[in-house]
Amino acid sequence: MSSDLYTSEIDSEKHGDLFLEMIADGTLRIVTVDHHESTSFSLPPTPEGWKEAENLIGALQEWVRHSKELEEQKIWAQGFTKGLDR
């Protein structure tokens with residue numbers, strides 16, 4: 001028995017799918033599906049698994065921060081170059 005914790009909501013054909021499942025014993029299973037090929041990774045419900053999950057969360061937060069910053073710079077640069085066209 002498992003429960004779904006997360007299912008990706010972006011274009012499956014373009015990006016693939018990502019699923020997070022919690023198995024009955026508390027194990028976290030991360031499943032990726034890309035062009036009908038499936039891969040999974042499991043984290044045990046132990047201090048080692050929790051630390052790995054915390055590191056993953058931190059990495060995802062850093063990616064969001066950095067990619068948003070890049071997008072803001074891109075928008076600013078586009079606005080700046082449009083101002084030079086005048």
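What you are looking at is a predicted structure, and each value in this text was computed from that prediction instead of being measured.
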Please tabulate, for the side chains in residues 54-66, all donor-acceptor contacts under 3.5 angstrom to protein atoms that are two or more places apart in sequence or on a different chain.
residue: Asn55; atom: ND2; partner: Lys51; partner atom: O; Å: 3.4
residue: Glu62; atom: OE1; partner: Arg65; partner atom: NE; Å: 3.2
residue: Glu62; atom: OE2; partner: Arg65; partner atom: NH2; Å: 2.6
residue: Arg65; atom: NH1; partner: Glu69; partner atom: OE1; Å: 3.1

Could you give the side-chain donor-acceptor pairs of residues 4-19 under 3.5 Å, partners two or more places apart or in another chain?
residue: Ser8; atom: OG; partner: Leu18; partner atom: N; Å: 3.0
residue: Asp11; atom: OD1; partner: Glu13; partner atom: N; Å: 3.0
residue: Asp11; atom: OD1; partner: Lys14; partner atom: N; Å: 3.3
residue: Ser12; atom: OG; partner: Asp17; partner atom: OD1; Å: 2.6
residue: Ser12; atom: OG; partner: Asp17; partner atom: OD2; Å: 3.4

_By side-chain contact (heavy atoms from CB on, under 4.5 Å) - contacts of Thr27 (at least two apart)_ = Ile23, Asp25, Ser42, Pro45
*Which pairs pass salt bridge (Lys or Arg N to Asp or Glu O under 4.0 Å) with one or both residues in residues 26-36, sequence neighbours excluded?*
Glu21-Arg29
*Do you reckon Leu43 sits in the same ILVMFWY cluster as Trp50, going by side-chain contacts under 4.5 Å, direct or chained?*
no
*May I ask whether Ile30 and Val33 are part of the same hydrophobic cluster, defined by side-chain heavy atoms of I, L, V, M, F, W, Y residues being less than 4.5 angstrom apart, directly or through others?*
no
_Atom CD of Gln73: over 12 foreign heavy atoms under 6.0 Å_ = yes
*From Ser67 OG over to Lys74 NZ, what is the distance, rounded to the nearest 0.5 angstrom?*
11.5 Å
*Are Ser38 and Thr32 side-chain neighbours, meaning at least one heavy-atom pair lies under 4.5 Å?*
no
_For the CG atom of Leu20 and the OG atom of Ser3, what is their distance to the nearest 0.5 Å?_
10.5 Å
*Which hydrophobic side chains are connected to Met1, either touching it within the sub-4.5 Å cutoff or through other members that do?*
none
